[in-house]
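All remarks here apply to the structure that follows.
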Amino acid sequence: MAYWLIKSEPDAYSWDQQVADGTGPWTGVRNHSAKLNLQAMKLGDRAFFYHSNEGKEIVGIAEVVKEAYPDPTAKEGPWVCVDVKAVGPMPKPVSLAAIKAEPRLAEMALVKLSRLSVQPVTAAEWALVCKMGGWKG
DNA sequence: GCCAACGTTGGC
DNA sequence: GCCAACGTTGGC
């Protein structure tokens with residue numbers, strides 16, 4: 001299984017919205033690096049749900065329930081989306097500040113490539129962030 | 001094919 | 001609101 005981090009501005013699509021929807025398409029990616037990551041996602045992969053701009057913290061965990069397919073919100077171009085399901089909220093949301101304060105997370109894409117909206121997360125990073133967030137999974 | 005200008009994202 | 005980082009565009 002692989003791990004990811006997906007970013008959304010709460011104004012556009014919040015974790016609460018994802019929870020209310022249960023399963024929903026993750027659309028609107030218009031960046032080639034992010035697109036490649038979407039295409040690499042497999043059924044059952046898990047992803048941190050990160051709120052950018054407002055909150056700036058990992059607020060929940062989602063699971064890939066449908067692999068990459070053409071993004072219906074894209075009028076043109078090779079863009080894709082996946083479907084994700086809300087698995088559960090982080091008991092203690094992990095903030096960007098907390099991640100930056102943790103030396104073992106200094107290499108996270110979230111820190112190094114702050115503008116990339118779909119990022120890979122290593123198994124070690126995943127385990128550590130889960131521990132910091134109090135996630136029992 | 002290079003590079004300057006511009007737009008967008010996102011942290012502060 | 002500002003600015004740094006990055007992607008895209010367009011002139012040459």
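The figures that follow rest on heavy atoms only: side chains count, while hydrogens, waters and symmetry mates do not. Order of the sequence lines fixes the chain letters, A, B, ..., with proteins taken first and strands second; residue numbering starts at 1 for each chain.
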Distance, nearest 0.5 Å, that separates OG of A/S52 from CG of A/D11
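A/S52 atom OG to A/D11 atom CG measures 9.0 Å (nearest 0.5 Å).
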
Taking any atom under 4.0 angstrom from a heavy atom of chain A, which nucleotides of DNA chain C are the first and last to qualify, 5' to 3'?
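Here the contact window of chain A covers C/dA5 to C/dT8.
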
Quick one: closest heavy-atom pair of A/L5 and A/K7, and the distance?
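Heavy atoms of A/L5 and A/K7 come nearest at CD2-CG, 3.9 Å.
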
So which pairs with a foot in residues 110-137 of chain A pass ring-ring contact (aromatic ring centres under 6.0 Å, His included), sequence neighbours left out?
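The answer is A/Y3-A/W126, A/F48-A/W126.
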
Checking side-chain contact (heavy atoms from CB on, under 4.5 Å) for the pair A/V121/A/V129: CA distance, chi angles, key distance, verdict?
CA-CA 10 Å; A/V121 174; A/V129 172; over 6 Å; no

With clusters defined by side-chain heavy atoms of hydrophobic residues (ILVMFWY) lying less than 4.5 Å apart, directly or transitively, does A/L96 cluster with A/V94?
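Linked within one cluster.
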
What residues, two or more places apart in sequence or in another chain, satisfy ring pair (Phe, Tyr, Trp, His ring centres under 6.0 Å) together with A/W4?
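Residues passing ring pair (Phe, Tyr, Trp, His ring centres under 6.0 Å) with A/W4: none at all.
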
Are side-chain heavy atoms of A/V118 and A/M41 found at a separation under 4.5 Å?
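SC-SC contact between A/V118 and A/M41 confirmed.
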
Name every residue in residues 5-13 of chain A that has at least one heavy atom under 4.0 Å from any atom of DNA chain B, in order of residue number, or write none if there are no such residues.
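DNA chain B contact set from residues 5-13 of chain A: A/K7, A/E9.
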
Mind listing the residues from residues 92-101 of chain A sitting with a heavy atom below 4.0 Å of DNA chain B? Number order is fine.
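Nucleic-acid contacts, sorted: A/L96, A/K100.
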
Test side-chain contact (heavy atoms from CB on, under 4.5 Å) on A/V64 and A/K42 and set out the steps.
CA-CA 7 Å; A/V64 177; A/K42 298 295 179 191; over 6 Å; no

Using the side-chain hydrogen bond (donor to acceptor under 3.5 Å, both in side chains) rule, collect all pairs that involve residues 62-71 of chain A, keeping only residues at least two apart or in two chains.
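The answer is A/R30-A/D71, A/R46-A/E63, A/Y69-A/D83, A/D71-A/T73.
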
Check against side-chain contact (heavy atoms from CB on, under 4.5 Å), A/T122 and A/E107:
CA-CA 10 Å; A/T122 69; A/E107 297 298 315; over 6 Å; no

